[in-house]
Chemist: 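To start, I am sharing the structure in question, which I have written as structure tokens.
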There are 2 protein chains.
Amino acid sequence: MLVLVTYDVNTTSNTGQRRLRQVSKICQNVGQRVQNSVFECVVDAAQLAQLKLKLLEVIDVHQDSLRFYQLGNNYKNKVEHVGAKASIDLEGPLIL
Amino acid sequence: MLVLVTYDVNTTSNTGQRRLRQVSKICQNVGQRVQNSVFECVVDAAQLAQLKLKLLEVIDVHQDSLRFYQLGNNYKNKVEHVGAKASIDLEGPLIL
């Protein structure tokens, strides 16, 4: 299924900037960055649970915000992009 | 239906900052800001078409990026929030 992860991390401090880098890194391991703070992740339920656990370990719940949107398996006609930086097809063939 | 609007606007110029303010304002008219660049909008198909038109009028398609995610009518169990700044229930009763 496609899960959208969006986040706001308070980066007014050095520790905040560190958290932002950690959140980005964790999301990059399972998903595709489509905007600065938006990742699309094609995961199963176990991978999603794992992803949430990892993110919860690094964020500060009093300052940062994470949102997860489950778009299911038939998501291709639910997502529309306009403008710069269109994302790649996560499940499409790899053309070299 | 719930439509998630996420955006990246290139704010390295004054015109970019103006576009960002315009995009925020248009989204605020039909939705709830849940993160810095993420709005949740409960709209019907006509309102969504109108929203897209308005946003397309203000963004620079070569520099800015807009994404629309359709979460349907039964979206409450598809959205999860962790951390700071939880959103309000857009369709819930207004308690004064």
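Naming: A, B, ... by sequence-line order, numbering from 1 per chain. Keep in mind that this is a model prediction, so the values were computed, not measured.
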Chemist: Below 4.5 Å from any heavy atom of chain A, which atoms of B/Q63 appear? Answer side chain, backbone, both or neither.
Modeler: backbone

Chemist: Which pair of non-hydrogen atoms, one from A/N36 and one from B/D8, has the smallest distance, and what is that distance?
Modeler: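 Looking at all heavy atoms of both residues, the closest pair is N-OD2, 2.7 Å.
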
Chemist: For A/K54, is the NZ atom crowded, meaning more than 12 foreign heavy atoms sit under 6.0 Å from it?
Modeler: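 Check fails, neighbour count at 12 or below.
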
Chemist: Check whether A/L4 gets within reach of chain B through its side chain, its backbone, both or neither, counting any heavy atom under 4.5 Å.
Modeler: side chain

Chemist: Which answer fits B/D64, side chain, backbone, both or neither, if we ask what part of it has an atom under 4.5 Å from a heavy atom of chain A?
Modeler: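 Answer is backbone: N, CA, C or O of B/D64 sit under 4.5 Å from chain A.
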
Chemist: Decide side-chain contact (heavy atoms from CB on, under 4.5 Å) for B/H81 and A/S65; before the verdict, give the C-alpha distance in whole Å, the side-chain angles of both, and the deciding distance to 0.1 Å.
Modeler: CA-CA 7 Å; B/H81 179 92; A/S65 147; 3.4 Å; yes

Chemist: If you take all heavy atoms of A/T6 and B/Q35, which pair is closest and at what distance?
Modeler: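 Nearest pair, atom of A/T6 first, then B/Q35: OG1-OE1, 2.7 Å.
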
Chemist: State plainly whether one hydrophobic cluster holds both B/V38 and A/V9, where clusters connect Ile, Leu, Val, Met, Phe, Trp and Tyr through side-chain heavy atoms under 4.5 angstrom apart.
Modeler: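 The answer is no; the residues belong to distinct hydrophobic clusters.
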
Chemist: Should A/Y75 and A/M1 be regarded as members of a common hydrophobic cluster, given that ILVMFWY residues are connected when their side-chain heavy atoms come within less than 4.5 Å of each other, either directly or indirectly?
Modeler: no

Chemist: Which atoms of B/L56 are under 4.5 Å from chain A, going by heavy atoms: the side chain, the backbone, both sets, or neither?
Modeler: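 Side chain only.
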
Chemist: Give a yes or no answer on whether the side chain of B/E80 reaches the backbone of A/R67 with a donor-acceptor pair at less than 3.5 Å.
Modeler: no

Chemist: Using heavy-atom distances under 4.5 Å, tell me whether B/V79 contacts chain A through its side chain, its backbone, both, or neither.
Modeler: both

Chemist: Drop me the distance from B/N77's CG to A/Q70's CD, to the nearest 0.5 angstrom.
Modeler: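 The distance works out to 8.0 Å.
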
Chemist: B/K52 versus A/V82: any side-chain heavy-atom pair under 4.5 Å?
Modeler: no

Chemist: Are B/I59 and B/L20 connected, step by step, through hydrophobic side chains (Ile, Leu, Val, Met, Phe, Trp, Tyr) whose heavy atoms are closer than 4.5 Å?
Modeler: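 Both belong to a single hydrophobic cluster.
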
Chemist: Tell me whether A/N74 at atom CG has more than 12 heavy atoms from other residues, nucleotides or ligands lying less than 6.0 Å away.
Modeler: no

Chemist: Quick check on the hydrophobic clustering: are B/V3 and B/V23 connected, directly or via other members, by side-chain heavy-atom contacts under 4.5 Å?
Modeler: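 Yes.
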
Chemist: Would A/Y69 and B/E40 count as having a side-chain donor-acceptor pair, cut-off 3.5 Å?
Modeler: yes

Chemist: According to a hydrophobic-cluster definition based on side-chain heavy atoms being under 4.5 Å apart (Ile, Leu, Val, Met, Phe, Trp, Tyr only), do B/Y7 and B/L51 belong together?
Modeler: yes

